[in-house]
Amino acid sequence: MRWGVAVFPGSNCDQDCFYVVRDILGEQVRYVWYEETDLRDLDCLILPGGFSYGDYLRAGAIARFSPVMEALVDFAEKGGLVIGICNGFQILLEAGLLPGAMLRNKNIHFICKYVYLRVENTHTPFTNLFKEGQVVRIPIAHNEGNYYIEDEGLLELKNDKQILFRYSDKEGRLTPEFNPNGAKDFIAGIISKEGNVLGMMPHPERASEKILNSQDGLLVFKSIVNWFKRC
Amino acid sequence: MLTEEIYRGLGLSSEEYQKILKLLGREPTLTELAMFSVEWSEHCGYPRSRAYLKLLPKKGKFKPLVGEDAGGIILEDLAIVFKMESHNHPSYVEPKQGAATGVGGIIRDIFTTGARPVALLDSLRFGQLANLYNRYLFRGVVDGIQSYGNCVGVPTVGGEVYFDPSYNGNCLVNVMCVGIAPKDKLMRAQAKGEGNLIIYAGASTGRDGIGGCSILASKEFKENEEKRPTVQIGDPFTEKCLIEATLEAIATQGVIGIKDMGAAGLTCASSEMASAGDAGVEIDLDLVPRREEGMSAWEVMMSESQERMLLCVKKEKAKEIMDIYRKWGLKCVIIGKVIKTKEVIVKEKGQIVAKLKAKDLTSAPLYNMAYQEPECLKEINKLDIDSLPLPEDFNQVMLKLLSSENLCSRNWVYEQYDHMVQTNTVLLPGLGSAVLRIKGKNKALALTTDCNSVYCYLDPFVGTQIAVSEACRNLVSVGAEPAGVTDCLNFGNPEKPDRYWYFKNCIEGLISACKFFNIPVVSGNVSFYNESPQAVIKPTPTIGMVGIIKDLKFIRTPFFKKEGDLIVLLGETLPELGGSEYLKEIHNQVRGKPPALDLNKELSLQKAVLTAIEKGLISSCVDCSEGGISLALFEGCVTGKEIKGAFIDNLEFNLREDFLLFSESTARAIISLSKNNLSEIEKIAKKYGVPLRVIGRVIKEPKLVILKNNFALIDLDLEKAFRLWRKSLESLITA
């Protein structure tokens with residue numbers, strides 16, 4: 001399977017994602033410059049974390065106008081897999097490919113730390129190797145990760161099982177103390193209605209090697225490979 | 001006609017002005033005068049410190065690299081490049097931008113060598129948090145570091161924060177950056193080869209930061225001065241693009257030399273590159289991208305606008321290189337060329353506005369400074385510890401110490417920094433030294449910063465030696481061999497003999513300790529004039545140290561791992577409370593002598609620990625420093641994923657209880673190990689002559705119990721204590 005990692009000016013997790021896909025998974029991968037318009041050679045595109053355009057206006061607000069985003073809409077419509085991590089998630093929200101918006105973290109600070117996530121739906125390309133209800137440890141690093149959606153939209157997300165990850169404590173309990181950024185309904189990651197576009201605030205690429213204190217994130221990437229093989 | 005008012009306003013003395021007249025044989029133009037003022041300032045030319053800096057050792061166990069902007073060490077096929085620099089005065093004037101541009105500047109010093117920046121550390125010092133203005137400074141500085149470092153994608157993995165009243169009116173912000181390059185791809189800051197082109201890349205030039213180094217960094221603060229315009233504004237997004245573009249440009253092999261335009265801007269970059277290449281450069285200011293209209297030549301030459309680079313490139317590669325910068329959305333223009341004569345020629349509107357020998361600019365005067373020991377020191381060194389009242393409740397003492405501003409957890413700070421980007425961070429912050437794996441090798445780097453300025457104030461020579469020793473001990477504790485030092489020497493006004501006495505003694509301590517441990521000082525920075533009408537800072541020679549972990553399996557952490565493991569104290573505890581946190585927090589005194597330092601004992605301890613780690617005998621290691629044995633035990637209990645308890649029933653009470661628990665004697669560490677490994681460790685300790693004593697064991701219950709004759713001197717609920725320790729800093733800022 002062929003992977004792409006998007007590079008916007010200001011992306012800073014592009015090389016980390018590239019490393020995991022190529023060196024840890026052993027898959028084929030190339031960088032996709034933000035001005036590119038042809039993604040037909042790819043099966044999965046990663047929108048990495050970072051500060052595209054410095055996030056000076058609003059996280060992801062400028063990157064969504066990049067040429068590659070037009071191509072991405074087409075790519076996603078045709079069923080291509082897209083995973084937006086952190087700033088990548090923010091870009092997907094700004095582009096309207098996923099519902100909702102990001103507010104500043106409730107403590108108005110940038111937060112970088114390991115958190116616990118509860119896996120809510122394992123019948124997806126991104127989570128099929130997790131166990132339902134499994135609690136995993138993956139770090140976050142963001143200023144604006146306080147996910148917001150109106151109640152109607154939330155109901156839809158729930159009905160369509162679009163919520164993949166929720167912030168929880170070590171035992172999988174949802175308590176405000178373990179909701180680091182104040183996200184609505186503890187939401188850490190969601191997929192599109194069609195199920196092929198994932199946005200998540202935690203960084204799975206930072207938890208993909210034993211030496212980095214957790215390998216839980218690697219299961220996201222491995223799930224994708226697994227799903228692709230089965231298709 | 002240049003008046004005295006003009007050159008004095010630029011920070012030059014009349015002697016320096018006379019020297020310039022003599023060098024030129026004529027009056028300088030205003031632009032030339034401005035160029036001299038920045039190049040001869042303390043920040044760029046080190047006229048008041050150079051005499052000592054050249055005595056710093058440059059050799060060590062690892063092959064050293066000493067370059068123009070940053071030095072480093074060679075590790076196999078890689079160059080590990082690192083440097084620390086201060087941004088003290090800008091941060092006091094405008095904390096967020098001052099700290100942010102400090103981060104930006106040091107990152108540029110690293111990637112200008114061709115190395116990719118892989119880590120940042122910050123050593124910060126403020127006046128006490130009871131003062132609201134200090135809270136504003138502290139919050140602002142942390143905000144500046146997070147906003148710049150997080151955006152630019154270089155992880156902030158470590159550092160230190162201290163509070164002391166001597167930093168009222170003059171906070172310290174020392175930033176260290178580490179980078180990695182293939183050793184055969186290193187760049188120099190030079191211009192050479194007649195006809196090669198001088199290219200300007202990055203952000204455009206404005207009036208921000210004019211005189212930043214000559215005026216702001218080279219004078220002490222006086223009352224009621226408005227210095228905000230001398231602070232620059234940072235743009236981390238542009239810097240991120242500049243890093244990628246510059247590394248790509250260097251890969252074309254068309255770059256002859258490169259230097260960032262930071263302190264002293266275009267003046268410094270052009271003259272130092274010409275001087276290093278033993279050539280000359282001619283630049284045309286009309287071609288320099290501007291963000292403001294009506295700037296005069298001297299302003300363009302002195303501007304410290306951020307995120308700008310000056311390159312000397314091969315003519316035939318210029319287009320390719322300029323296209324790379326433009327691809328990244330950056331300005332990039334040819335502004336000049338290399339010339340045969342060894343001069344810096346600056347043109348504006350067809351006229352020559354400066355024509356100077358590059359060497360004249362880069363040969364700042366050298367001053368012999370008067371020094372004298374402060375009269376009050378002998379009195380301050382007196383301390384009768386036996387007259388201190390013995391505390392009644394040691395639990396209360398522990399709680400007070402671990403919630404004090406210098407000993408409580410720094411998580412409020414480091415959780416605001418992205419410390420994981422680039423996915424190399426093996427040891428997360430808060431565990432002593434930072435550890436970064438090197439992708440593609442079975443090796444890791446350990447990084448630390450260290451300085452106890454109270455010790456240096458009480459005894460500058462020994463205090464600085466302790467800073468070096470403790471940095472080594474921190475690295476050894478995680479399994480690393482100390483390999484190289486960068487220093488950031490912060491002092492008051494060097495023209496005052498008592499301040500200069502501190503500088504002289506600190507740097508002599510630094511030289512002797514680095515020679516003893518066989519570690520080169522590869523780069524550094526001097527920051528003088530750190531005083532204000534409120535206070536003069538305690539001498540603060542901050543040590544940044546890099547160590548090499550030879551095999552990933554040697555990496556160790558400070559926290560206890562397994563119930564039943566033995567807890568062992570290595571080293572000897574002496575009744576030494578001078579300058580200790582215990583003396584300050586519990587007895588409200590800052591006096592005495594720092595703990596004695598025997599460099600041989602220190603080295604023996606480090607060798608014993610590293611040998612035991614490399615033989616796989618140790619489960620955890622934490623060195624004893626501020627707060628003594630008791631705080632080291634606390635760290636061993638609480639810094640892991642889950643809290644472990646410690647049951648200490650075999651301390652040797654040959655000293656008064658508080659001396660034993662809180663003395664900050666050097667050359668000590670607390671290790672934990674499986675019972676089976678005890679005899680092996682005993683052999684190692686014996687071989688190196690290190691005193692060893694099993695003092696207790698790791699327990700499951702989250703309690704720290706210290707017994708004396710079956711009486712619990714300390715019986716601490718660690719879950720409660722842990723919460724207090726973690727929340728204290730935030731409480732102190734918001735109280």
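Just so it is clear: chains get the letters A, B, ... in the order the sequence lines come, proteins before strands, and each one is counted from 1.
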Interface moiety of [X] toward chain A, non-hydrogen atoms closer than 4.5 Å:
{"X": "B:C241", "answer": "side chain"}
{"X": "B:E730", "answer": "neither"}
{"X": "B:L427", "answer": "neither"}
{"X": "B:I243", "answer": "neither"}
{"X": "B:D235", "answer": "both"}
{"X": "B:E239", "answer": "neither"}
{"X": "B:K641", "answer": "side chain"}
{"X": "B:V152", "answer": "backbone"}

[atom1] ([X]) with more than 12 external heavy atoms under 6.0 Å:
{"X": "A:E171", "atom1": "CD", "result": "yes"}
{"X": "A:E70", "atom1": "CD", "result": "no"}
{"X": "A:K106", "atom1": "NZ", "result": "yes"}
{"X": "A:K184", "atom1": "NZ", "result": "yes"}
{"X": "A:K222", "atom1": "NZ", "result": "no"}
{"X": "A:Q28", "atom1": "CD", "result": "no"}
{"X": "B:K727", "atom1": "NZ", "result": "no"}
{"X": "B:K720", "atom1": "NZ", "result": "no"}

Can you list the residues that meet the ring pair (Phe, Tyr, Trp, His ring centres under 6.0 Å) rule with B:W328, with sequence neighbours excluded?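 Counting only residues at least two positions away or on another chain, B:W328 forms a ring pair (Phe, Tyr, Trp, His ring centres under 6.0 Å) with A:W33.
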
Residues of residues 8-27 of chain A within contact distance of chain B, non-hydrogen under 4.5 Å: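 Result: A:P9, A:G10, A:S11, A:N12, A:C13, A:Q15, A:D16, A:Y19.
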
To the nearest 0.5 Å, what is the distance between [atom1] on [X] and [atom2] on [Y]?
{"X": "B:R437", "Y": "A:E209", "atom1": "CZ", "atom2": "CD", "result": "4.0 Å"}
{"X": "A:H203", "Y": "B:D418", "atom1": "NE2", "atom2": "CG", "result": "6.5 Å"}
{"X": "A:K113", "Y": "B:Q416", "atom1": "NZ", "atom2": "CD", "result": "11.5 Å"}
{"X": "B:M420", "Y": "A:I140", "atom1": "CE", "atom2": "CD1", "result": "8.5 Å"}
{"X": "A:D55", "Y": "B:S147", "atom1": "CG", "atom2": "OG", "result": "12.0 Å"}
{"X": "A:I211", "Y": "B:T425", "atom1": "CD1", "atom2": "OG1", "result": "11.0 Å"}

Do you know which two heavy atoms are closest between B:L428 and A:Y114, and how far apart they sit? CD1-CD1, 3.9 Å

For A:Y56, is it the side chain, the backbone, both, or neither that has a heavy atom closer than 4.5 Å to a heavy atom of chain B? side chain

Side chain, backbone, both or neither: which part of A:N87 has an atom under 4.5 Å from a heavy atom of chain B?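 Neither part.
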
Do the side chains of B:Q146 and A:N143 get nearer than 4.5 Å, heavy atoms only?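 Yes, their side chains come closer than 4.5 Å.
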
Relative to each other, are the rings of B:F237 and A:Y53 parallel, tilted or perpendicular (30° and 60° limits)?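 Ring orientation, 0 to 90° scale: tilted.
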
